[in-house]
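Worksheet: the structure to be examined is printed underneath.
In this text, all values refer to a predicted model and were calculated from it rather than measured experimentally. Letters A, B, ... mirror the listed sequences (proteins, then strands); counts begin at 1.
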2 protein chains.
Amino acid sequence: MIDKLDAIDIKILKELQHNSKLTTKELAEAVHLSASPTFERQKRLEREGYIKKYVAVVDPDMVGNGMIVLCNIRLKQHGKEYAQEFVDAMKGMEEVTECYNTSGDFDFIIKVYVRDMHHYQDFVLNRLGEMKSIGSVHSVFVIGTVKDTHSVPVAQ
Amino acid sequence: MIDKLDAIDIKILKELQHNSKLTTKELAEAVHLSASPTFERQKRLEREGYIKKYVAVVDPDMVGNGMIVLCNIRLKQHGKEYAQEFVDAMKGMEEVTECYNTSGDFDFIIKVYVRDMHHYQDFVLNRLGEMKSIGSVHSVFVIGTVKDTHSVPVAQ
DNA sequence: AGTGAAACAAATTCTCT
DNA sequence: AGAGAATTTGTTTCACT
């Protein structure tokens, strides 16, 4: 947990969330330590699960999926089967990158990346529309991305 | 753009979005090519902006910020000054990891990572509450994360 | 826990096809 | 464009503090 981390561990997490291609030497300089303890700390953070994985961040516009829709979904009923059908379907759809069970008027909110409005229409009609678990869909369109850090805050 | 990518480029993007720690040799095996052309393709994808950066994915629970709130915000007025104050403030807040300008009843939706409800209360009252640009705030709490890939779909 | 050197592996470049 | 060898650079381990 967080209280097992000292200031240097926190700095390492912040640096690597920003740029995981830093060499051990560069990271060591950033945290004012030599390479081997820095390396050992990074491995410990991986081993203990603070760092889940390392990924490349791909530009959605460049790969032709620059349109983002936040889609609020209400299930038809709140039985286990309906929820399971929905959850399994979301996990299998590539264009759905995030899916949260939420409080409020809707049951779920999903983030969908598509090429354009035509593809979104196809997604809603032919993919969501085919599911018996879904009661209603309310689409919120992203007009512009103001901020999208790929970092989680790390408490000090 | 996407039409400049062949099937191998797309495979490389998919693999690296899943795990950027693959060695050139491992990536080469995955795409059935030898190391040097694979390496050259990866560099090209970086150079041309398909890959924006490489990051470590940190577990929010492990670092004590496991609570997610999706916060819908309406500005008081739609003048440029108000929007600018809001946007600049969002960029400066670590707990706000995403901020989108949206269609619909609200102007923006932000994703906030906090420790617990007390911290969220503090965030709304003392951080958002201090801003003259904000008209109203509607909080949607994340009960559970069903899916959170750190990947964008790459069209085939 | 940290340092610095040594051993090892991977990234990067180059030449040839 | 891609393959394979050669070189450079980074990772990982180890002996010492």
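Rounded to whole Å, the distance from CD on B/E29 to C1' on D/dA3 is 15 Å. Residue B/R44 contributes atom CZ, which lies 15 Å from atom C1' of D/dG2 at whole-angstrom precision.
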Indicate every side-chain donor-acceptor pair of residues 48-61 of chain A with a distance under 3.5 Å to a residue at least two apart or in another chain.
{"unit_1": "A/E48", "atom_1": "OE1", "unit_2": "A/R44", "atom_2": "NE", "d": "3.4"}
{"unit_1": "A/Y50", "atom_1": "OH", "unit_2": "A/M1", "atom_2": "N", "d": "2.7"}
{"unit_1": "A/Y50", "atom_1": "OH", "unit_2": "A/M1", "atom_2": "O", "d": "2.7"}
{"unit_1": "A/Y54", "atom_1": "OH", "unit_2": "A/Q42", "atom_2": "NE2", "d": "3.0"}
{"unit_1": "A/Y54", "atom_1": "OH", "unit_2": "A/E46", "atom_2": "OE2", "d": "2.5"}
{"unit_1": "A/D59", "atom_1": "OD1", "unit_2": "A/D61", "atom_2": "N", "d": "2.9"}
{"unit_1": "A/D59", "atom_1": "OD1", "unit_2": "A/M62", "atom_2": "N", "d": "3.4"}

Report all side-chain donor-acceptor pairs from residues 128-139 of chain A shorter than 3.5 Å, counting only partners two or more places apart or in another chain.
{"unit_1": "A/S133", "atom_1": "OG", "unit_2": "A/E85", "atom_2": "OE1", "d": "2.4"}
{"unit_1": "A/S136", "atom_1": "OG", "unit_2": "A/R74", "atom_2": "NH1", "d": "3.0"}
{"unit_1": "A/S139", "atom_1": "OG", "unit_2": "A/Y120", "atom_2": "OH", "d": "2.7"}

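Applying the salt bridge (Lys or Arg N to Asp or Glu O under 4.0 Å) rule to A/R41 yields the partners A/D6, A/D9; only residues at least two apart in sequence or on another chain are considered. Partners of B/F86 under the ring-ring contact (aromatic ring centres under 6.0 Å, His included) rule, at least two apart in sequence or in another chain, are B/F108. Among residues two or more places apart in sequence or in another chain, the ring-ring contact (aromatic ring centres under 6.0 Å, His included) test is passed with B/F39 by none. Applying the side chain to side chain contact (heavy atoms under 4.5 Å, CB included) criterion to B/N19, with sequence neighbours excluded, gives B/K21, B/L22.
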With sugar-phosphate taken as primed atoms, P, OP1 and OP2 and all else as base, the protein-contact string of nucleotides 2-17 of chain C at under 4.0 Å (heavy atoms; B, S, -) is SBB-----SSSB----
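Proximity of B/T145 to B/I68: side-chain heavy atoms (C-beta onward) are separated by under 4.5 Å at one or more points.
The list of side-chain hydrogen bond (donor to acceptor under 3.5 Å, both in side chains) pairs with a residue in residues 98-107 of chain B, not counting sequence neighbours, reads A/K111-B/E98, A/K111-B/Y100, B/H78-B/D107, B/E98-B/Y100, B/E98-B/K111.
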Close N/O contacts between protein and nucleotides 15-17 of chain D (under 3.5 Å):
none

